[in-house]
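Inspection log for the structure reproduced underneath, given as structure tokens.
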Amino acid sequence: MNQRGSLDIRNVGKHYEVDGQRLDVLDDVDLKVEPGSFISLVGPSGCGKSTLLRLIVGLDDEYSGEILLDGRRVSGTSLDRGIVFQDHRLLPWLTLEENIGLALLNAELPEDEKRRTVAEHIALVGLKGFETAYPHQLSGGMAQRAAIARGLVGRPEILLLDEPLGALDALTRVRLQEEILRIWRAEKVTMILVTHDVDEAIYLSDRVVVMNTGPGRIVRELDVDLPQPRDRATHAFVDLKRQVLEHMGEYVHAEAA
Amino acid sequence: MSTTNILAERSPPARTEPLTSRLARLLGGANLIGAVLPLGLLVLWQTATSLRWIQPVFLPSPLATVQAFWTMLTRQNLHVDFTASILIVSQAFVYGAALAVALGIAAGLSRNVERFLGPTFDTIRHIPGIAWLPLIVLWLGIGAPAKVLVIAKSVFFPVFLNTLQGIRDVEKRYIELADVLTLTRWQLVRKVILPAAVPSIMVSLRYSAGVAWALVVVAEGLSGLEGIGYLIFRAQGLLLTDQLVVCMVIIGAVGFTIDRAMLALQRYVLRWKQGFEG
Ligand SMILES: Nc1ncnc2c1ncn2[C@@H]1O[C@H](COP(=O)(O)OP(=O)(O)OP(=O)(O)O)[C@@H](O)[C@H]1O
Ligand SMILES: [Mg+2]
């Protein structure tokens, strides 16, 4: 179906200058993402996951190497590339529906179509009835769901999710994982999810990309060849989880202890 | 796309407080405690004058003050002076604030505009409004325009500086969001930058409304033949202490009203903001 949304990251490096000191944040990052696939990025805090997403979405052009979307070099931001930030980043002075509608401000849709789509996405993340609420009246989890709705409403080719389920309770989290899967299948959107939850990564994605620090780099890519729907209790699932943790260095520490 | 909602729906928060309870809160409760001190002072004032601790020529009794108020209102056209002062203040406030917000936005959005205006403004700003009055009266006469101009100047600077700062303080992450959503420059200003600057603008508006009212009294006292400020200095000259106190009470009451009105406006405009309510 949709053949757009292929991402090709080639030899990407990124550094910041902090007090005149060079701080390497990403080093030689190579990653190929097929159209419509679901990739998870896992890795310790500070290994450059958010930084990588910022580069892909086009917020920062100062890096070495190349990032290609559908064969063309990414430059600046575009409605083809959506992001759900690690902090929900709702504008406090706009109501929930205005916040989500903001993503459609420059979409080529008639006004009533925009209103319908916004209402649809509010329902999708279970926030019906809160359309006119301001962000400070929402719980952390509700705000994150609103941010997901805002990321989806413009129907990007590729959606980057930076720990979008971090502030949710276990039950809502599982429900939203199902919801994300459902949306992903329905919309054929390419998804890149950053998460600290290895279970979540394996449950959702086609491939888990493990990163590590010093400087931030990809240490391993693991294909998830488990049939959908996945059962977190199966041997294969647990085995894969052990492998991911191993590459993240967790098991090494556990064994050393 | 299907819109089935697998999450249990929760009921929306009860956000609209009934009008009656809001009124009750405004008038009663917290505000009763605010009335204790003024009432106590009134009692002290009455006692001090009835027991003759202070001569009437230095401090007339509350009753004599009310009588003086009535006399001024019925025989000396107090309302004319009152209206004159209010008119000057409102005009000065509207002109000064409108120009300040406009230029503040321009300077906030463009470093060049800021660099262009900066040195001039920072110099003019330090010459107090009242110091401008003699020169401006020379040009415009002792009528209202000179006072409007001088007060507008004093309203202008706090609002200008706060608008500029409010715009510069917009969080970078919101600008990034606008970037990701591919907002145009104008959309960015309207949807992100201005709303983000509004809290800072509102604070300066409330502050300078108070300043404007205080200044009109001074300006009228220094030049002209009408207004509350004129009355107060005339009363001093004629040793009409009761009229002087009437003027003082009016000035205080109007100042109080202006401040509360600005506060209400601020609360309304910033209803999206969750503040510390004590
Ligand atoms: N603007 C910046 N200036 C300097 N250093 C920065 C900047 N932004 C990020 N860094 C550094 O880059 C590194 C990677 O940050 P990044 O936010 O990408 O980590 P992360 O993998 O998303 O971590 P987390 O899981 O905690 O969100 C960190 O060491 C951080 O200190
Ligand atoms: Mg991060």
Quiz item: Non-hydrogen atoms of chain A under 4.5 Å away: do they reach the side chain of B:A178, the backbone, both or neither?
Solution: neither
Exercise. Counting only heavy atoms closer than 4.5 Å, note whether B:L270 contacts chain A via side chain, backbone, both or neither.
Key: neither
Quiz item: Once you round to the nearest 0.5 Å, how far does CG of B:L183 lie from CG of A:L102?
Solution: 5.0 Å
Is it the case that more than 12 heavy atoms not belonging to [X] sit under 6.0 Å from its [atom1] atom?
{"X": "B:R271", "atom1": "CZ", "result": "yes"}
{"X": "A:Q228", "atom1": "CD", "result": "yes"}
{"X": "B:Y95", "atom1": "OH", "result": "no"}

Quiz prompt | Residues in residues 151-161 of chain B near chain A [non-hydrogen atoms, under 4.5 Å] | solution = none
So do the side chains of [X] and [Y] get within less than 4.5 Å of each other, counting heavy atoms only?
{"X": "A:L91", "Y": "B:V192", "answer": "yes"}
{"X": "B:K273", "Y": "A:Y134", "answer": "no"}
{"X": "A:T95", "Y": "B:W272", "answer": "no"}

Practice problem: Indicate the atoms forming the closest heavy-atom contact of A:F85 with B:L177, along with that distance. | Solution: CE1-CD1, 4.0 Å
Practice problem: Heavy-atom distances under 4.5 Å only: say whether A:L96 touches chain B with side chain, backbone, both or neither. | Solution: neither
Exercise. Apply the test salt bridge (charged side-chain N to carboxylate O under 4.0 Å, His left out) to residues B:E176 and A:R54: give CA-CA distance (whole Å), side-chain angles for both, the deciding distance (0.1 Å), then the verdict.
Key: CA-CA 10 Å; B:E176 278 181 7; A:R54 285 173 57 84; 2.7 Å; yes
Anything under 3.5 Å between a donor and an acceptor, one on a side chain of residues 74-83 of chain A, the other on a protein residue two or more places apart or in another chain? List them.
unit_1, atom_1, unit_2, atom_2, d
A:T77, OG1, B:D179, O, 2.6
A:T77, OG1, B:D179, OD1, 3.1
A:S78, OG, A:D80, N, 2.9
A:R81, NH1, A:I56, O, 3.1
A:R81, NH1, A:V57, O, 3.0
A:R81, NH1, A:G76, O, 3.0
A:R81, NH2, A:G76, O, 3.1

Quiz item: For B:A84, what residues pass the side chain to side chain contact (heavy atoms under 4.5 Å, CB included) criterion, not counting sequence neighbours?
Solution: B:E226
Quiz item: When you measure from the side chain of A:W93 to the backbone N and O of B:K191, does any donor-acceptor pair fall under 3.5 Å?
Solution: yes
Self-check item: Sequence neighbours excluded, every pair satisfying salt bridge (charged side-chain N to carboxylate O under 4.0 Å, His left out) that has a member inside residues 195-217 of chain B
Solution: B:R206-B:D259
